[in-house]
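Since the structure comes first, as structure tokens, the remarks are kept for the end.
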2 protein chains.
Amino acid sequence: MSKRQKTAIRSRRVTAVDVAHLAGVSRSAVSRTLTEGASVSSETRRKVLRAAEKLGYHRNALVRGMINQRSGIVGIVTGSLDNPFIAEGLERLSLRLQQEGLKTLIYSGDAESDLQVALPSMIEYRVDGCFFLSNDLSPNAAAKYTKLDIPLVVVFNSNMRGISDHGADIPVGAVSVDNVEVSARVADLLVDNGRQRFAYMAGLPRATTNRERRRGFEEGLIARGRKLDALQVGNFNYEDGCIAARKLLSQDERPDAIYCANDAMALAAIDVARSEFDLDVPNDLAIVGFDDINIASYPAYDLTSVRQPVEEMINVAADLMLRLIRDPAQRPMEIRLKSELVQRASTRRA
Amino acid sequence: MSKRQKTAIRSRRVTAVDVAHLAGVSRSAVSRTLTEGASVSSETRRKVLRAAEKLGYHRNALVRGMINQRSGIVGIVTGSLDNPFIAEGLERLSLRLQQEGLKTLIYSGDAESDLQVALPSMIEYRVDGCFFLSNDLSPNAAAKYTKLDIPLVVVFNSNMRGISDHGADIPVGAVSVDNVEVSARVADLLVDNGRQRFAYMAGLPRATTNRERRRGFEEGLIARGRKLDALQVGNFNYEDGCIAARKLLSQDERPDAIYCANDAMALAAIDVARSEFDLDVPNDLAIVGFDDINIASYPAYDLTSVRQPVEEMINVAADLMLRLIRDPAQRPMEIRLKSELVQRASTRRA
DNA sequence: ATGAAAGCGCTAACAA
DNA sequence: TTGTTAGCGCTTTCAT
């Protein structure tokens with residue numbers, strides 16, 4: 001039994017050879033017709049296209065990837081999509097990559113331990129590059145994987161300014177915002193607002209986003225002759241934010257201003273303050289968040305928050321990645337964009 | 001110049017041949033070592049593993065996929081991740097697929113026109129199957145692609161019960177909930193609650209989820225001697241939900257109960273009612289949503305909603321897909337799960 | 001248990 | 001512009 005017959009039994013997928021036969025041309029002609037900017041006579045092209053259409057031919061991208069050493073697939077490792085901010089980043093990024101003709105292999109899972117599973121598998125699939133979208137990825141974590149010669153770009157996080165965990169600078173691209181500066185402006189806002197006792201609700205302690213925001217806030221307060229009066233950790237999520245808020249609001253000297261390292265925790269603070277402590281936000285208590293997710297602007301919360309320019313960050317990150325992929329000599333760089341403090345009712349005194 | 005030399009210039013990736021050389025065995029031995037349940041002496045295996053480790057070898061999954069006609073990649077097409085419900089579904093599904101050793105190629109974009117881009121590209125990458133996670137995918141849309149012999153499973157949507165747009169049943173798997181039944185129970189709840197004028201806020205008109213929810217609600221009202229007094233379309237999103245809410249609440253005979261086809265619109269209804277019409281929810285107006293996203297339970301809203309068992313739905317869908325992939329003779333099936341009406345403050349009269 | 005050899009479906013370099 | 005000829009890196013019979 002010939003091999004063609006054998007495979008035919010299980011309804012073999014149609015290949016370029018089949019198309020070539022039907023069109024009465026060589027397999028190369030088929031390949032060329034389907035390749036941008038190859039030279040084919042319009043006559044041949046027409047024949048090929050007709051045959052392909054008739055046979056329902058779809059070229060095999062896996063094989064193409066194998067041949068030109070470029071899979072056309074980009075990996076994205078994300079933290080939990082429970083965070084609308086991360087979800088938005090993922091959506092925008094995958095949209096952009098689609099526009100660039102790239103496919104997106106995702107891996108979601110927050111723990112750093114997940115990386116140890118995600119990365120090898122990304123490598124087996126020969127992704128052309130890999131993004132990390134997370135509000136918590138230590139430079140260390142990413143750096144561990146730079147020996148693999150695929151470009152890595154971290155979005156939303158960065159290396160802690162002026163502090164290098166590794167002594168050397170780490171060859172991973174990063175796009176983030178001016179967390180320190182804007183957090184100082186949050187301090188200004190609250191001081192100008194006449195607040196007296198200042199608290200910070202921290203995200204995941206190791207996250208650079210968290211550390212920078214805290215530092216900027218604290219420095220900003222000190223610059224105005226105040227100090228950070230209280231701190232609780234909310235781990236960037238609503239549930240832990242509720243617990244942290246309870247602790248902060250149960251204190252003897254209750255804070256009258258809380259800066260939260262992200263919006264999820266800020267919503268928690270508002271909910272707890274109102275429903276459990278019967279406090280009036282903003283009159284008894286000012287709350288500021290970070291990220292400016294959609295819900296922040298809903299009337300039920302009307303939360304003052306720091307807006308990260310997600311769209312721009314994603315585009316900058318994608319540009320960087322494309323450069324890195326196209327030219328391996330390119331050095332990854334760390335990029336900081338400006339964020340914007342959006343004032344809403346949660347800090348507006350009656 | 002030999003070809004080996006030529007490619008070596010651009011730092012060629014290490015291949016199985018390299019490992020075989022270093023280990024002093026044949027390439028087949030390497031392949032077998034890395035394949036479950038192939039026969040290799042532990043001696044050889046050890047040598048191979050050591051060499052692979054030393055060289056930093058990662059087998060090429062693209063080539064494997066090409067050879068055994070199974071890429072190990074599954075596609076997921078999702079609607080906007082702006083909807084937390086879809087985002088949760090995506091996260092759970094990709095997690096489950098990871099556990100099964102499958103990779104996830106995603107394509108997000110809501111319009112049906114996107115499908116025409118997404119599907120061909122999924123096919124080129126030879127996905128083993130494809131999921132659709134969307135609160136709006138007409139059976140027609142999916143059916144168009146069944147000629148491609150890859151298994152398709154739609155989650156959250158289904159074919160309209162008793163109505164076949166195609167005359168024949170469509171060979172696409174589907175996992176959804178008992179939208180009609182539960183919506184009738186929503187009607188019961190509101191009637192029992194003493195409400196008088198009933199409105200429905202519709203999602204995307206063509207979506208079967210939307211049509212089933214409306215039908216169940218309407219039938220439920222009629223069964224209780226009432227009727228649907230008003231209807232506005234909110235397209236499943238917050239912004240359009242606000243507009244729809246304004247229209248409903250500006251009517252002469254203002255409804256005192258609104259059933260919204262999803263939570264995003266229900267939040268909009270609550271926000272508009274309170275902030276623009278100065279109404280008390282639930283005393284002046286009862287609101288019911290659908291999906292039971294996290295925010296629904298936040299004190300600021302405390303929304304009565306219909307909980308879809310996302311985790312179970314995803315697992316059932318994944319099971320179905322795995323069966324379909326492993327045994328091409330399997331017929332896709334349509335599965336309905338039971339949803340749960342969760343009562344909260346938005347319908348609880350003082 | 002192991003190696004040799006024949007592909008998987010496609011692209012690219014080379015002649016013609 | 002076209003067809004021919006080598007591969008890309010791996011898996012898998014088939015002998016041994």
Side-chain angles (χ1 to χ4, degrees), chain A residues 1-21 23-48 52 55-72 123-126, chain B residues 1-21 23-48 52 55-72 123-126:
Chain A
M1 179 161 72
S2 92
K3 125 160 282 281
R4 169 119 308 187
Q5 280 175 321
K6 192 169 77 198
T7 48
I9 291 169
R10 35 148 33 220
S11 129
R12 210 175 39 83
R13 271 205 175 275
V14 12
T15 76
V17 186
D18 302 321
V19 178
H21 281 163
V25 298
S26 75
R27 63 194 67 175
S28 331
V30 177
S31 180
R32 279 193 279 260
T33 299
L34 268 22
T35 303
E36 276 304 310
S39 62
V40 220
S41 72
S42 59
E43 171 60 13
T44 309
R45 150 173 253 98
R46 211 181 39 70
K47 284 194 292 188
V48 169
L55 259 33
Y57 171 70
H58 298 270
R59 71 212 304 202
N60 188 328
L62 266 32
V63 176
R64 301 191 68 207
M66 164 181 109
I67 291 173
N68 30 242
Q69 308 278 26
R70 186 140 301 173
S71 65
I123 293 157
E124 293 200 345
Y125 278 87
R126 297 293 187 268
Chain B
M1 179 161 71
S2 91
K3 130 156 279 280
R4 168 120 309 187
Q5 281 176 319
K6 194 168 77 195
T7 48
I9 291 169
R10 34 148 34 220
S11 128
R12 212 173 39 83
R13 271 204 175 275
V14 13
T15 75
V17 186
D18 303 321
V19 177
H21 281 163
V25 298
S26 75
R27 62 195 68 177
S28 326
V30 177
S31 181
R32 279 193 279 261
T33 300
L34 268 21
T35 303
E36 276 305 308
S39 63
V40 221
S41 70
S42 58
E43 171 61 14
T44 308
R45 150 173 253 98
R46 211 181 40 70
K47 285 194 291 186
V48 169
L55 260 33
Y57 171 70
H58 297 269
R59 69 211 305 201
N60 188 328
L62 266 31
V63 175
R64 301 192 69 208
M66 163 180 110
I67 291 172
N68 30 242
Q69 307 279 25
R70 186 140 301 174
S71 64
I123 294 158
E124 293 199 345
Y125 278 86
R126 296 294 186 266

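Chain A is the first sequence line, chain B the second, and so forth, proteins listed ahead of strands; every chain is numbered from 1.
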Could you report the tightest heavy-atom contact between B:V40 and B:R45, atom names first, then the distance? CG2-NH1, 3.8 Å
Are the side chains of A:H58 and B:R126 in contact, using a 4.5 Å heavy-atom criterion? yes
Close residues, residues 26-43 of chain A, relative to DNA chain C [heavy-atom separation under 4.0 Å]: A:S28, A:S31, A:R32
In whole angstroms, the gap separating P of D:dG7 from CD of A:Q69 amounts to 15 Å
What is the minimum heavy-atom distance between B:Y125 and A:S71, and which atoms define it? OH-O, 2.7 Å
Atom CZ in A:R64, atom CD in A:Q69: separation rounded to 0.5 Å? 14.0 Å
Close residues, residues 56-66 of chain A, relative to DNA chain C [heavy-atom separation under 4.0 Å]: A:Y57, A:R59, A:N60, A:V63, A:R64, A:M66
Please give, in whole Å, the distance from C:dC10 C1' to A:R70 CZ? 18 Å
A:L62 vs A:M66, test: side-chain contact (heavy atoms from CB on, under 4.5 Å). Steps then yes/no. CA-CA 6 Å; A:L62 266 32; A:M66 164 181 109; over 6 Å; no
When rounded to whole Å, the CD1 to C1' distance for the pair B:I123 and C:dG9 reads 17 Å
Nearest whole Å is fine: how far is D:dT1 P from A:R46 CZ? 17 Å
Looking at B:T15, does any N or O in its side chain come under 4.0 Å of the phosphate oxygens OP1/OP2 on D:dC8? no
Nearest-0.5 Å distance, CZ of residue B:R13 to OH of residue B:Y57: 11.0 Å
Look up atom CZ in A:R70 and atom CD1 in A:I67, then write down how far apart they are to the nearest 0.5 Å. 14.5 Å
For B:E124 and C:dG9, what is the distance between atoms CD and C1' respectively, to the nearest whole Å? 13 Å
Rounded distance (Å) that lies between atom P of D:dT1 and atom NZ of A:K47: 15 Å
Side chain of A:I67: nearest nucleotide among C:dG3, D:dT11, C:dG9? C:dG9
In whole angstrom, give the distance that lies between atom CG of A:N68 and atom C1' of D:dC8. 10 Å
Identify all side-chain donor-acceptor contacts of residues 28-36 of chain B below 3.5 Å with residues at least two apart in sequence or on another chain.
{"residue": "B:T33", "atom": "OG1", "partner": "B:A29", "partner atom": "O", "Å": "2.8"}
{"residue": "B:T35", "atom": "OG1", "partner": "B:S31", "partner atom": "O", "Å": "2.7"}

